[in-house]
Number of protein chains: 2
Amino acid sequence: MKTIADIAKIAGVAKSTVSRFLNGGSVSEETKRKIEQVINETGYTPNAFAQSLKAKQTNMIGTIVPRLDSYATSRTLMGIDERLRELNYHMLISNAGQDLHREIESIYTLAKQKAAGIILLATQVTDAHLQAFRTIDIPVLLVGQQHEEVYSLIHDDETAGYAIGKYIAQRGHKKIAFLGVGEYDVAVGVKRKKGVAQALREHAEEVEARFFETTFSMTDAAEKAEQLFDEFSPSALICATDNIAFGAMKAAYRKKQYVPKDISITGFGGYEVTAMMHPSLTTVHIHFKEAGQMAADHITKLIKGEDIPKLAYSRFELVLRESVDIRTDHLL
Amino acid sequence: MKTIADIAKIAGVAKSTVSRFLNGGSVSEETKRKIEQVINETGYTPNAFAQSLKAKQTNMIGTIVPRLDSYATSRTLMGIDERLRELNYHMLISNAGQDLHREIESIYTLAKQKAAGIILLATQVTDAHLQAFRTIDIPVLLVGQQHEEVYSLIHDDETAGYAIGKYIAQRGHKKIAFLGVGEYDVAVGVKRKKGVAQALREHAEEVEARFFETTFSMTDAAEKAEQLFDEFSPSALICATDNIAFGAMKAAYRKKQYVPKDISITGFGGYEVTAMMHPSLTTVHIHFKEAGQMAADHITKLIKGEDIPKLAYSRFELVLRESVDIRTDHLL
DNA sequence: ATGTTTTTGGGAACCGGTTCCAAATAATCT
DNA sequence: AGATTATTTGGAACCGGTTCCCAAAAACAT
C-alpha cells in the first residue's frame, strides 16, 4: 500500500504539498497536475486512521439498536442512513441483542472508536446509561424513549394510544381488552397502555376495560390472547404492537371467533404486512423512517453545536381498515 | 482525554511499559499495580485509531446489505453479529439501499476503513464488483450469490425450488403457476425458478406450468397475482418469496378464491409471520440466521488464512402448513 | 531595477499508540 | 563470589497522515 510519502517522492514534492493538494490548500497548477497523475497511477487512498488520529473525530454516527429483526428498527435505520448519507456522515450499527449490558458496552465502544455522535434506539434508560452518557464526551440522542438529561425523540405513544382507544370506544364496543407488554419498555409497555387507558376511562360508564400483558413474541401473544378470550371475551382487543395483533388474530381463528364480526382487533406500528393480511389490520401507523431522518438531522445538529429541542415527537396516524367492526348492540 | 504518555508520566514509568502492560508483555507485579491504579483513577482508554494505525488492521468485519427492511437481511445480520461477537470481532453494517453503485462504493469505503474482511449480501455480482474485490486487499465473502472468483455462501435456492415444485406436483395439482422476480437477482429470480421448473418438467405429462414475473413488493405481487388468476386460473401458485405469497393471498381473497380450497399458495423464506397468518403458509424455511453464523465463521477463517470451501451451502427445509391442499380431481 | 506582497514548497513536529533494541536489574548456576 | 542467564525497563523509531512555520519563488507595485 502506498503512503503519502511515496506519492510525494514519486511526484518529486514534499509530503506536506501532497497533503495540501488533497485537502484543497494552495498548490500551483503544475504541481497539482503532477500529483494528480501519480495518485491516479498508483491508486493511492489516504489511510483513514492516520487522518482520524490527528482529527480526533470521525464522520461516523453510531446507532445502537436493541434488535435487528424488527420492522420498527429496520425502518428507523433506513431513515437514519438515508439522511446521514445526504449529510455526509456514515452510519455504524451496533446490535445489542436485547441485552442492556451489551447496550452500555456499545456506548463505550463507540466512544472509543471516536464516533461523532450516538443514536440510541432505546427500550429503557437506566442509571448505567446515564453514567455512560456523562462519561463519554459525545452527543447522544435517544429515540423511542425519553429522559430529561438527554436529547430525545419519541413516537408520542401516549397520544397514539389515546387515539386508538378513543376510536374503539366510539365504535360502540363495551368490553374492551388491551394486550400489552411489561413496563420494562416505557414506550410500549407504559405509554401506549396509559394512552389507551385514558381514552377508555373517558367512557367508563359504558365500557368495561381489562388490561393484559404478554411479550413481544407472536407465539406468546397468541397464547395469551386465547386465555384472554376465555376469561373475558371482549368485543374488541387493542394490541400494543402489530406482532401481538398477528398473534391475537391467530388466536381468534383458533377460537373460531371471526374478525371483525365477533371480535375487533387493532395493532400498533403500521408494518407493511398489516395491509396484506386478511382481514387487513386497523393500526396506528408510526412514521419510523421519518423519525429516523429526524434523528439524523438532530444528531448532526448536536454535533455542530446547533440548537435543537430537548424533546421532539415523530408523527403517527390512525389507519382504519377491516379488522374493526362497529357495535350497535346497545341500540338494540 | 488522557494519553498513554500521561499515564506513563503519572505512574512514573515509560510509555512502552504501559503499552506492554496493556498488551500483556512482561511487567513486574509492582509496576503492574501502579499502572493499573493510575488507569483506574483516570479512566483511560487507548485511542483506537492510534492502535489501528500501527496494526494496519482492525477487528471490524464490514457487512454490506442491499436493504435493511427485509426479514432475510435481518436474520442473516443477527447470525453474523452473534457469531462475530463470540469470535471477538465487530460488525459494521453498510446499507446500499438497493443501489449497486452504492454497493461498490461501500466496498472501497470499507477497505479504506481497514475492515478485516467484507461480507456482501449480494443480489448480483457485476464486473465492477469483481474489479473492486481485486483492487482491495481484503478477504471477501459473498452470501446469497456465487461467483467462481470469490468465496461464496449460498442458500441452495435451486434445490429448494425443486423441493417445493416436486411437493406441489405430487399433491396432484395440474395447473401450476410460478410467480417470481426478474433475473437481475440470480438467487431468487433465476435459481428458485430453475429448481421449480425442473421439478415440474418431471411431471410434464400431467401438469401445465406457467411462469410469471413481478417485483419484491407485496403490492405489485398482489396485482400481478390477480391478473394471473384471470388469465390462467391455476390450482396452485408457487411464489418466489413469502412477501410475494402475502400479496398473492390478498389477491386470492379479493377474487374470492379460497386458500387452499380453490387455490394452494406457497412462499419461500420462512418468515415468522407465515405461521401466524390464516391460513398458515406452506413455505421453504431458509436458515438465514444459521447462514449468517456460517458466514461469520468463514470470513474469520479467511482472515486468519485458514482453508474454507470456495462454495458452501446453507440449509433449508420444507415447512408444510395449511395453504396447500391436495387435489384429487384426477381420481374422479 | 528595487521593494513589497502573495503563492508555493519543504522541513519538522505532532497525533497516540506499538515495537525493537539495548541497558539495568534480578535470578540462577558453577 | 563471580559468571551466566532471564526478566524488567526505558529510549527511540515508526505507523501515515496534518499543520505550523519559514524560506524561496513568483507576481505585483513603485
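Naming: A, B, ... by sequence-line order, numbering from 1 per chain.
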Provide the closest heavy-atom pair for S314(B) versus I286(B) in the form atom of the first, atom of the second, distance.
OG-CG2, 4.3 Å
Heavy atoms of I138(A) and I118(A) approach each other most closely as CG2-N, 4.2 Å
Considering heavy-atom distances to DNA chain D, does K54(B) or V27(B) have its closest nucleotide positioned more toward the 5' end?
V27(B)
First encountered from the 5' end of DNA chain D, between A14(B) and Y44(A):
A14(B)
Relative to the 5' end of DNA chain C, which residue comes earlier, S16(B) or A50(A), by the nucleotide with the nearest heavy atom?
A50(A)
Residues in salt bridge (charged side-chain N to carboxylate O under 4.0 Å, His left out) contact with E82(A), at least two apart in sequence or another chain
K289(A)
Please give, in whole Å, the distance from [N] [atom2] to [X] [atom1]?
X	N	atom1	atom2	result
R20(A)	dG11(C)	CZ	C1'	11 Å
K9(B)	dG16(C)	NZ	P	13 Å
I4(A)	dC14(D)	CD1	C1'	16 Å
D6(B)	dG17(C)	CG	P	9 Å
L53(A)	dT19(D)	CG	C1'	13 Å
K32(B)	dT7(D)	NZ	P	13 Å
E29(B)	dA26(C)	CD	C1'	15 Å
I35(B)	dG17(C)	CD1	P	14 Å

Could you work out which one of [options] sits closest to the side chain of [X]?
X	options	answer
K15(A)	dG9(C), dG16(D), dG17(D)	dG17(D)
T17(A)	dG16(D), dG9(C), dT9(D)	dG9(C)
K56(A)	dC15(C), dC15(D), dT19(C)	dC15(C)
V13(B)	dT19(C), dT19(D), dG10(D)	dG10(D)

Contact under 4.0 Å: Q51(B) side-chain N or O vs dG16(C) OP1/OP2:
no
Does dG9(C) have OP1 or OP2 under 4.0 Å away from a side-chain N or O of T31(A)?
yes
Which part of the nucleic acid does S28(A) contact within heavy-atom distance under 4.0 Å: base, sugar-phosphate only, or nothing?
sugar-phosphate
Under 4.0 Å, counting only non-hydrogen atoms across every strand here, what does T3(B) touch: a base, just sugar-phosphate, or nothing?
sugar-phosphate
Before you tell me yes or no, could you show the steps for Q146(B) and V125(B) under side-chain contact (heavy atoms from CB on, under 4.5 Å), namely the whole-Å CA-CA distance, both residues' side-chain angles and the distance that decides it to 0.1 Å?
CA-CA 8 Å; Q146(B) 66 174 304; V125(B) 183; over 6 Å; no
Can you tell me if N23(B) has over 12 outside heavy atoms packed within less than 6.0 Å of its CG?
yes
